[in-house]
Amino acid sequence: MYLEIALVAILFLLSITNSIIYRKKPNIIVSSVGVFVSLLYLLFVFIDVLKPYSWIYGIVVAILITSYSFFFMPKKVTKNITEYDYFELEKTYLELKDDREKLRQRFLSTITLVNEGIVFYENGNKDVILSDYAHEVFGGKQNTSLEEHAKIISDIDREDYLKTIDRVSKHQMTYEIKYRIVKNGISTWILEKGHFIGVESKRSIIATIMPLDINCYKKTSYFDVDSLKPEEKMYPVLKELTEDHKSFTFITIELTNIKDINEKYSREIGNLMMNDYIRYLKNLYQPNINKFFRISGIRFVMIIDDYRTYEEFHRSVTSTQSELYNIKMSVSGIKDVVRPKFGIVNVTGVKSVDSLNLYKLGIRLLEEAIESNRRNYSIFGE
């Protein structure tokens with residue numbers, strides 16, 4: 001009696017376990033039969049007529065368990081992979097597929113939230129796919145070839161644009177380019193930043209684009225120079241620094257040849273080169289937007305309150321070989337050097353300094369540097 005109960009219990013557990021693990025239709029059917037046969041034993045317990053034959057039922061269950069076990073033994077799918085290994089691989093694949101789908105949905109949702117347009121260069125950068133906003137900016141077809149897409153770019157900038165896209169690879173993974181597009185007879189500057197994506201031998205690029213409104217000095221919302229605060233916002237900062245007796249360096253800057261660049265190329269080119277140069281200075285010496293100011297069209301003020309940063313700036317500003325004077329700004333294939341002049345005042349923090357007088361001193365030193373043919377800078381006390 002106890003043996004039959006043990007056998008039935010084993011059969012029942014095998015059936016339930018296999019139906020949970022192997023959730024495929026054939027296995028579930030076989031497991032259901034096992035559960036039915038094990039529950040059938042209740043008839044031999046509660047019906048008196050069948051009780052004498054329970055031992056026969058026990059033999060049948062034992063045979064069934066043996067064959068049942070052989071049925072669920074791992075089978076070789078290939079030479080080295082069993083059916084259970086295959087099941088584990090399939091489970092991993094489904095988990096990865098689910099994760100990939102979540103990433104895809106997250107990425108698509110991100111595209112709808114960003115302010116910039118998104119451009120995809122696919123099929124070895126031969127095809128172009130535009131997000132809704134990018135399509136609104138460029139016009140034309142949303143899914144087209146690079147050759148067709150490039151037709152909207154002005155003749156002046158098209159060659160440089162195509163060369164830039166062609167150069168992007170795993171060795172040069174990022175790029176930034178400014179070019180003009182012509183739509184309905186109206187020219188618009190575009191800033192495009194892209195990143196290489198390579199899977200095996202397939203080349204593709206994902207890029208963001210934004211139109212630049214550069215017809216006037218204020219306010220484009222895209223330029224680094226437009227993020228700078230005006231002169232009147234400078235005085236409270238100077239007052240706070242001097243009243244707290246903090247040491248800092250007050251630097252006045254003029255980009256002296258921007259007017260020449262405007263005349264030589266165009267005001268648009270001059271504005272873009274000025275913007276890129278100011279970004280260069282900000283990134284190197286003062287990323288804090290609250291300590292960089294625009295006091296006129298081509299004049300700026302930068303406050304450095306870190307001694308090590310000033311040491312780096314001093315080494316660079318006093319060397320004629322420094323990139324401060326020799327870095328080439330590249331806009332739409334046009335390359336030129338921006339010529340800065342600097343007026344520099346070091347404030348030691350020993351005593352309070354009048355903000356207005358400090359500003360006037362900085363301007364006087366700047367004008368001395370501009371008039372000098374010998375140096376591009378003038379440092380108070382040197």
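Just so it is clear, the structure is predicted and the values come from calculations on it, not from any experiment.
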Could you go step by step and tell me if I165 and L146 meet the side chain to side chain contact (heavy atoms under 4.5 Å, CB included) rule?
CA-CA 10 Å; I165 298 300; L146 177 62; 4.2 Å; yes

Does [X] pair with [Y] as a salt bridge, N-O distance under 4.0 Å?
X    : Y    : answer
R364 : E367 : no
K246 : D305 : no
D160 : K163 : no
R339 : D260 : no

Test your reading of the model: is there a side-chain donor-acceptor pair from [X] to the backbone of [Y], 3.5 Å cut-off?
X    : Y    : result
S319 : R315 : no
T252 : G362 : yes
E254 : T256 : no
R299 : I363 : no
R158 : A150 : yes
N275 : N271 : no

Donor-acceptor pair between S378 and E368 side chains, under 3.5 angstrom
yes

Check whether the side chains of Q142 and D132 place a donor and an acceptor atom closer than 3.5 Å, and report yes or no.
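Yes, D132 and Q142 have a side-chain donor paired with an acceptor closer than 3.5 Å.
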
Nearest 0.5 Å, what's the [atom1]-[atom2] distance between [X] and [Y]?
X    : Y    : atom1 : atom2 : answer
T318 : L324 : OG1   : CG    : 9.5 Å
K341 : N257 : NZ    : CG    : 10.5 Å
T188 : I181 : OG1   : CD1   : 5.0 Å
F380 : L365 : CZ    : CG    : 7.5 Å

Can you name the one residue among E192, H195, K193 that meets side chain to side chain donor-acceptor pair (under 3.5 Å) with Y175?
E192

Are the side chains of K291 and F248 in touch, meaning some heavy atoms are under 4.5 Å apart?
no

Give the cluster check for I209 versus V128: same hydrophobic cluster or not, with ILVMFWY residues linked at side-chain heavy-atom distances below 4.5 Å.
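Yes, one cluster joins them.
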
Angle between ring planes, Y179 versus F138, binned at 30° and 60°: parallel, tilted or perpendicular?
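Plane angle under 30°, so parallel.
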
Between F313 and Y285, how do the two ring planes meet: parallel, tilted or perpendicular, split at 30° and 60°?
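Rings of F313 and Y285: perpendicular, as their planes differ by over 60°.
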
Audit row: Y359, E231, side chain to side chain contact (heavy atoms under 4.5 Å, CB included) steps and yes/no:
CA-CA 10 Å; Y359 172 66; E231 179 185 341; 3.5 Å; yes

